There are 2 protein chains.
Amino acid sequence: MELRTLSYFVAVAEELHFGRAAIRLHMSQPPLSRAIKQLETELGAALLRRSSAGVALTPVGAVLLDEARALLDQADRVRVRVAAAAGAATLTVGLLADSADPGASRLAGAYSRQHPGVEVHIRETDLTDPTCGLHAGLVDIALTRGPFDETGLTVHELRTDPVGALLRTDDPLARRDSLKLADLADRRWFRFPAGTDPLWQSYWNGGEPRVGPVVRGVQECVQAVLWNGTVGMTLVDHEPAAGLAVVPLIDMPPSRVVAAWNEDDTNPLIRSFVRIAVAAYRD
Amino acid sequence: MELRTLSYFVAVAEELHFGRAAIRLHMSQPPLSRAIKQLETELGAALLRRSSAGVALTPVGAVLLDEARALLDQADRVRVRVAAAAGAATLTVGLLADSADPGASRLAGAYSRQHPGVEVHIRETDLTDPTCGLHAGLVDIALTRGPFDETGLTVHELRTDPVGALLRTDDPLARRDSLKLADLADRRWFRFPAGTDPLWQSYWNGGEPRVGPVVRGVQECVQAVLWNGTVGMTLVDHEPAAGLAVVPLIDMPPSRVVAAWNEDDTNPLIRSFVRIAVAAYRD
DNA sequence: GGTGTCGATACCGTACGGGTATCGTGCCAC
DNA sequence: GTGGCACGATACCCGTACGGTATCGACACC
């Protein structure tokens with residue numbers, strides 16, 4: 001019973017699916033199956049019930065899930081405290097500019113409460129770099145939205161949001177309950193500055209090359225719609241400013257809010273941060 | 001940072017000696033040195049200061065020692081709780097008959113307090129089997145005194161006690177402050193029944209073949225001294241009965257109180273029990 | 001009954017944890 | 001001063017176990 005094995009079990013118990021858990025753990029499914037089976041053997045109890053209907057926790061498994069989560073949490077705190085004792089307890093967090101996310105503010109509160117000794121540096125970036133400087137090594141961890149170039153990064157999904165079109169209230173489409181991308185095909189869209197991550201551009205333009213004003217931040221998007229009537233892609237739970245409406249886009253893949261960090265970043269505070277982030281966004 | 005690695009560090013930090021820690025961990029010294037160095041690298045801080053004067057904890061190491069102990073304790077509790085949830089939380093403890101040990105009673109209290117769900121079976125044995133049935137698989141763990149045949153067993157020392165001679169108060173030697181084995185060479189001693197562990201016999205007879213009554217338990221020893229004037233080996237902190245005196249034997253190697261268990265016993269409660277035992281005997 | 005999904009199994013290569021042998025250094029004894 | 005000793009570090013070897021790919025088996029659903 002090692003911490004790694006327990007984290008495997010937690011992943012499977014949370015996903016209730018070996019394949020998805022394996023993806024989350026950046027490994028393939030067979031060794032994961034084997035590790036869980038070994039854990040069951042070592043503990044002398046069945047933890048999961050595999051059936052054609054799917055994977056379910058046994059009562060013993062439910063107990064272990066609670067206990068393992070607490071143990072892994074404490075292990076993360078050990079890392080943080082050791083780092084603090086070594087005087088190396090700083091964490092640089094990248095945020096996408098203007099993202100007023102209730103999850104992020106819950107996270108900030110929870111983190112500073114649990115790790116008061118840690119110095120958190122904040123680096124806000126505009127929409128041209130959705131990784132907030134991860135690839136350049138400017139931040140330890142990015143709280144941002146996909147998609148972007150994930151090579152060399154570990155990406156942990158915090159939430160998925162449906163996507164909507166940002167429209168002026170005087171726009172005829174603004175009264176519709178939902179829209180498809182095709183309804184907006186001939187509109188002016190946002191564009192992003194040269195050098196912006198191509199995955200990001202493609203996603204937020206619905207996969208098509210578009211025409212329209214170049215924007216660098218959320219406020220510029222809002223102003224662009226107000227002044228140009230441009231169609232803006234946004235999230236339906238984003239409260240629109242006065243004079244603007246949001247209509248759900250039913251054929252857009254949902255947007256992922258993620259925490260991402262460099263695979264080779266050895267900062268021991270990252271794990272704990274991610275764990276608290278997951279909890280903050282789950283609530 | 002795995003639980004195993006942390007237990008290595010705790011062993012070294014407690015012994016402040018790589019060689020002794022390696023013995024305690026049933027491994028050799030080089031891989032232990034390497035594991036500690038890897039841990040230091042991973043945590044990015046020096047945990048131990050090696051010098052010719054010996055090994056010392058750095059401030060960071062002191063923090064980790066506390067944290068690691070707490071984490072390992074919690075890991076043990078996880079095992080116990082999972083076992084309890086699986087309905088397999090029983091532990092059979094072997095005790096040497098008539099051993100009125102204050103450490104053992106503290107242990108009993110602490111254990112039942114920390115693990116109320118566990119069913120503890122007690123098996124008392126006489127002096128003929130100092131392992132209390134470990135070799136026969138009759139108990140999970142033995143709280144006993146050495147020495148005995150340790151093959152296949154893991155033995156964890158809880159305390160060492162100086163040894164004394166048990167004498168009648170009317171014995172001329174009873175007024176001495178201390179004795180040597182040679183002073184008792186011509187006395188009648190205790191002997192043990194056939195089949196008793198030879199190591200045990202040899203130790204408690206001071207390494208010599210002796211003559212005298214055969215005893216099976218502590219009460220029989222006491223009665224044998226009272227009736228025969230036989231010399232009894234005992235522990236100086238053992239409160240003698242009326243009419244008896246204890247005189248320290250300065251050339252007897254001290255007696256070890258130990259917890260011992262079968263290496264291949266998979267009962268998950270053993271670790272936690274040993275940990276609590278160590279704490280109970282330390283106080 | 002074909003097809004797809006999903007966990008289990010089989011098999012393989014490598015990396016890491018453990019071993020023994022030996023070194024380097026500092027201390028002590030003579 | 002120098003030889004011996006204590007002790008941690010280093011070098012090197014080996015086996016296991018972990019993670020990979022390929023495939024199977026069971027079951028559900030068209």
Side-chain angles (χ1 to χ4, degrees), chain A residues 1-43 45-58 60-61 64-65 68 72 151-152 154 263-264 266, chain B residues 1-58 60-61 64-65 68 72 75 151-152 154 263-264 266:
Chain A
M1 194 183 91
E2 289 295 323
L3 293 174
R4 183 170 42 82
T5 318
L6 289 176
S7 71
Y8 289 179
F9 171 72
V10 170
V12 175
E14 286 179 350
E15 299 284 343
L16 291 176
H17 191 290
F18 279 76
R20 283 194 299 273
I23 292 170
R24 201 172 109 180
L25 294 165
H26 301 116
M27 65 192 294
S28 58
Q29 169 259 320
L32 179 58
S33 289
R34 196 178 48 193
I36 300 295
K37 176 172 285 190
Q38 281 176 355
L39 182 62
E40 287 178 311
T41 303
E42 181 186 342
L43 296 176
L47 303 170
L48 298 168
R49 201 172 39 247
R50 292 89 156 164
S51 74
S52 54
V55 176
L57 281 171
T58 64
V60 180
L64 182 61
L65 178 56
L72 293 170
T151 54
T154 305
E263 282 168 5
D264 54 359
T266 59
Chain B
M1 194 182 93
E2 288 296 322
L3 294 174
R4 185 169 38 81
T5 317
L6 289 176
S7 72
Y8 289 179
F9 171 73
V10 170
V12 175
E14 285 179 352
E15 299 284 344
L16 292 177
H17 190 290
F18 280 76
R20 282 195 298 273
I23 291 170
R24 204 173 106 180
L25 293 165
H26 301 115
M27 64 191 295
S28 58
Q29 169 258 321
L32 179 58
S33 289
R34 197 179 49 191
I36 300 295
K37 176 172 285 189
Q38 281 174 355
L39 182 63
E40 288 179 311
T41 304
E42 181 186 343
L43 295 176
L47 303 171
L48 298 168
R49 201 172 39 247
R50 291 90 156 164
S51 75
S52 55
V55 177
L57 280 172
T58 65
V60 180
L64 182 62
L65 178 57
L72 293 170
T151 54
T154 305
E263 283 168 5
D264 55 357
T266 58

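Everything quoted here is computed from the prediction, not taken from an experiment. Residue numbers start from 1 in every chain, and the chains themselves are labelled A, B, ... in the order their sequence lines are given, proteins ahead of strands.
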Rounded to whole angstroms, how far apart are [atom1] on [X] and [atom2] on [N]?
X       : N      : atom1 : atom2 : result
A/Ile36 : C/dG7  : CD1   : P     : 11 Å
B/Ile23 : D/dA6  : CD1   : P     : 13 Å
B/Arg20 : D/dA6  : CZ    : C1'   : 11 Å
B/Leu39 : C/dC16 : CG    : C1'   : 16 Å

Once each nucleotide of nucleotides 18-30 of chain D is scored for protein heavy atoms under 4.0 Å, what B/S/- sequence comes out, 5' to 3'?
BBBBB----SS--

Rounded to the nearest 0.5 angstrom, the CD-CG distance for B/Glu2 and A/Leu6 is 9.0 Å

Distance from A/Leu72 atom CG to A/Phe9 atom CZ, nearest 0.5 Å?
11.0 Å

Applying salt bridge (charged side-chain N to carboxylate O under 4.0 Å, His left out), can you list everything that pairs with [X], at least two apart in sequence or on another chain?
X       : result
A/Arg20 : A/Glu15
B/Arg4  : none
A/Glu14 : A/Arg24, A/Arg69

Counting only side-chain nitrogens and oxygens, does A/Ser33 get under 4.0 Å of the OP1 or OP2 atom of C/dA8?
yes

Is the distance from OP1 or OP2 of D/dT10 to the nearest side-chain N or O of B/Lys37 less than 4.0 Å?
yes

Tabulate below the donor-acceptor pairs under 3.5 Å that side-chain atoms of residues 26-38 of chain A make, not counting sequence neighbours, or state none.
from, atom 1, to, atom 2, distance (Å)
A/Gln29, NE2, A/Ser33, OG, 3.0

Do B/Leu48 and B/Leu57 come within less than 4.5 Å of each other through their side chains, counting heavy atoms only?
yes

Candidates B/Val10, B/Leu39, B/Thr58 - the one meeting side-chain contact (heavy atoms from CB on, under 4.5 Å) with B/Leu64:
B/Leu39

Please give me every residue in residues 43-51 of chain B whose heavy atoms get under 4.0 Å of an atom in DNA chain D, ordered by residue number.
B/Arg50

